**Q** 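Dumping the structure here so I can ask a few things about it.
All residue numbers in this chain count up from 1 along the given sequence. Since the model is a prediction, treat every value here as computed from it, not as a measurement.
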Amino acid sequence: MTAIKISLGKVSITHQANQALANLNHPFSNLLDRHALCDWSEIDEEDIEANRDALTNGGVLFSAYTIQSIRFWIITQEDKSSTTIFLAGE
């Protein structure tokens, strides 16, 4: 079975998320790769189902990752034109 890989469009990262990842010495590309391969990590089953539905019928895709107690979110817009990495609470 071939893994699904979604298009991310233009990728952006907020200043706070970029600074947090730099402080953790964790490249944001690792999070983007997981998101693009539909490894949504720490979202609940309802949100996973929403992502699966979005893959089939269109919709926003999102994922969450926690690195050393810092929670990062990634959202890909419905039209797959852009993806943003940001911190929870931004």
Side-chain angles (χ1 to χ4, degrees):
M1 183 170 155
T2 304
I4 296 171
K5 185 165 184 180
I6 61 170
S7 173
L8 301 177
K10 180 183 175 192
V11 174
S12 60
I13 183 169
T14 65
H15 175 73
Q16 289 178 326
N18 191 44
Q19 188 64 47
L21 286 168
N23 290 343
L24 294 167
N25 197 29
H26 192 97
F28 69 86
S29 60
N30 290 357
L31 299 180
L32 284 175
D33 287 344
R34 290 177 66 188
H35 178 77
L37 291 170
C38 302
D39 170 7
W40 301 305
S41 193
E42 301 165 15
I43 60 175
D44 61 31
E45 189 60 39
E46 183 178 323
D47 293 332
I48 289 170
E49 285 303 315
N51 277 355
R52 288 179 183 149
D53 183 62
L55 287 172
T56 303
N57 301 312
V60 174
L61 296 168
F62 60 98
S63 53
Y65 308 93
T66 302
I67 303 167
Q68 294 184 20
S69 301
I70 300 173
R71 185 128 169 136
F72 297 87
W73 289 91
I74 301 180
I75 293 183
T76 298
Q77 295 305 311
E78 181 173 358
D79 64 1
K80 310 303 183 270
S81 65
S82 64
T83 298
T84 305
I85 304 171
F86 58 99
L87 294 177
E90 283 192 289

**Q** Quick one: does Ile43's side chain get under 4.5 Å of Trp73's, heavy atoms only?
**A**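 Heavy-atom side-chain distance check passes, below 4.5 Å.
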**Q** How many angstroms lie between atom CG of Leu87 and atom CD1 of Ile70, to the nearest 0.5 angstrom?
**A**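 The distance works out to 7.0 Å.
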**Q** Hey, mind stepping through Phe72 and Thr66 against side chain to side chain contact (heavy atoms under 4.5 Å, CB included) and telling me if it holds?
**A** CA-CA 6 Å; Phe72 297 87; Thr66 302; over 6 Å; no
**Q** Are the side chains of His35 and Trp40 in touch, meaning some heavy atoms are under 4.5 Å apart?
**A**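 The answer is yes; the side chains approach within 4.5 Å.
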**Q** Quick one: side chains of residues 48-61, donor-acceptor pairs under 3.5 Å with protein atoms, not counting sequence neighbours, listed by atom name and distance.
**A**
unit_1 : atom_1 : unit_2 : atom_2 : d
Glu49  : OE2    : Arg52  : NH1    : 2.7
Asn51  : OD1    : Phe62  : N      : 3.2
Asn51  : ND2    : Phe62  : O      : 2.7
Asp53  : OD1    : Asn57  : ND2    : 2.5
Thr56  : OG1    : Arg52  : O      : 3.4

**Q** Output the distance between atom CZ (Arg71) and atom CD (Glu42), rounded to the nearest 0.5 Å.
**A**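 Taking CZ in Arg71 and CD in Glu42, the distance rounds to 5.0 Å.
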**Q** Of all heavy-atom pairs between Cys38 and Ile6, which one has the smallest distance, and what is that distance?
**A**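 Here Cys38 and Ile6 meet closest at SG-CG2, 4.1 Å.
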**Q** What pair of heavy atoms forms the shortest contact from Ser41 to Ala64, and how long is it?
**A**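 For Ser41 versus Ala64, the nearest heavy atoms are CB-O, 3.1 Å.
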**Q** Any side-chain donor paired with an acceptor under 3.5 Å for Arg34 and Ser63?
**A**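 No - no donor-acceptor pair under 3.5 Å links their side chains.
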**Q** How about Glu45: does its CD atom have over 12 heavy atoms from other parts shown lying under 6.0 Å from it?
**A**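 Buried by this count: over 12 neighbours within 6.0 Å.
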**Q** Going by side chain to side chain contact (heavy atoms under 4.5 Å, CB included), Leu8 matches just one of Asp33, Thr83, Ile74. Which one?
**A**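 When Asp33, Thr83, Ile74 are each tested with Leu8, the side chain to side chain contact (heavy atoms under 4.5 Å, CB included) holds only for Thr83.
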**Q** Does the side chain of Leu21 come within less than 4.5 Å of Ile67's, by heavy atoms?
**A**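 Yes, at least one pair of side-chain atoms sits under 4.5 Å.
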**Q** If you compare all heavy atoms of Asp39 against all heavy atoms of Tyr65, which two are closest, and at what distance to 0.1 Å?
**A**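 Asp39 and Tyr65 have their closest heavy atoms at O-OH, 2.6 Å.
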